[in-house]
Amino acid sequence: MRQKIIIDTDPGQDDAVAILLALASPELEVLGITAVAGNVPLHLTEKNARVICELAGRRDMAVFAGCDRPMNRPLVTAEHVHGKTGLDGPVLPDPTMALQDRHAVDFIIETLRSHPAGSVTLCPLGPLTNIATALLRAPDIAARVQRIVLMGGAYFEVGNITPAAEFNIHVDPHAADIVFKSGISLVVMPLDVTHKALVTAERNAAFRAIGSPAAIAVAQMTDFFERFDKAKYGSAGAPLHDPCVTAFLLAPDLFTGRHINVEIETTSDLTMGMTVADWWGVTDRAPNALFMGDLDAPGFFTLLTERLARL
Ligand code: BDR
Ligand code: CA
């Protein structure tokens, strides 16, 4: 049976690749795509989500706009990484497919209530504002979510937007705190894993060689996106953070991790949004997340390249 998923996202080049991988994969039934403010403001993330659906030939996909700012803090964006549009790199046409009228949070709540309990997976690729708002507004949905597979946080890599925090969690730590305390089964793709999903020159060439508009756009997006991490970390190419979420749904054996306790820092200015991950089991706090630590990178890129060729 196909896995039913909702992708909650702030595209973002790596979000775009995560969405394309999902839309290329028959094992997944994408019930809808919900946009949130994050890498760039909401009016751009919802537009970018539609741009990507059209690139995948999926004008029929339902795209919803959600929360335009974090729950308790001003929005922090990442144009310095993703460019002014959030999708800098390829020149892609403005979307002509419509944005849905319903608010993303209403869509999430109604979808979870109208499907059998335990049959829908949430896949957050950005700040957790939409998900936490839905959980606050409709606490009954927590018991209906199959699981949440998200990109966010870090342990060994510590932080990318501050010395202590990863971007998605830092932008809305209060939302993250709600999600991590929700009791829902969580799978977390932290920077420790996503910094191993690097688009080397060879991997980029493999995308480009597919020759389709979607694959060429992915090569151009990762070309653009890599300059930041190359300059900052001296890494071999762009890290495909968010596609780790989609790849996990398709091939969980590519990843290894530990079922541990993860708490979110919400009070200290210095470490706001830090994921305090008990990787070494030094507390007796109950495990609440499968926190990934390693990735089979060649296997990940084989899967991604093979799927992109189907679009
Ligand atoms: C996360 O932040 C965003 O910039 C990326 O899209 C990814 O979701 C990585 O920290
Ligand atoms: Ca993202």
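Atoms within each ligand, like the ligands themselves, are counted from 1 in listed order.
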*asked:* So, 4.0 Å and heavy atoms of Asp242: is ligand 1 close enough to count as a contact?
replied: yes
Judged by heavy atoms only, the candidate from Gln13, Glu166, Glu157, His170 nearest atom 10 (O) of ligand 1 is Glu166
When you measure from the heavy atoms of His82 to every atom of ligand 1, does any distance fall below 4.0 Å? yes
Compute both the distance and the angle, then confirm whether Arg227 meets the cation-pi test with Phe224: under 6.0 Å from the six-membered ring centre, within 45 degrees of the axis.
yes
Is the Ca ion (ligand 2) less than 3.0 Å from an N/O/S atom of Leu125, whether that atom is in the backbone or a side chain? yes
Value for CD (Glu79) from NZ (Lys84), rounded to nearest 0.5 Å, stands at 9.5 Å
Would you sort out whether Phe64 and His103 count as a ring-ring contact (aromatic ring centres under 6.0 Å, His included), showing the intermediate values? CA-CA 6 Å; Phe64 302 83; His103 192 283; 9.5 Å; no
Is a donor from one side chain sitting under 3.5 angstrom from an acceptor on the other, for Thr45 and Asp10?
no
| request: Kindly determine whether Asp88 and Thr85 satisfy side chain to side chain donor-acceptor pair (under 3.5 Å), including the steps that lead there. | output: CA-CA 6 Å; Asp88 280 20; Thr85 66; 2.5 Å; yes
task: Confirm or rule out an N/O/S atom of Asp10, from backbone or side chain, lying less than 3.0 Å from the Ca ion (ligand 2).
output: yes
The angle formed at the Ca ion (ligand 2) by OD2 of Asp242 and OD2 of Asp15 is about (to 10 degrees) 70°
Quick look: Asp15 vs ligand 1, heavy-atom contacts under 4.0 Å, and the answer is side chain
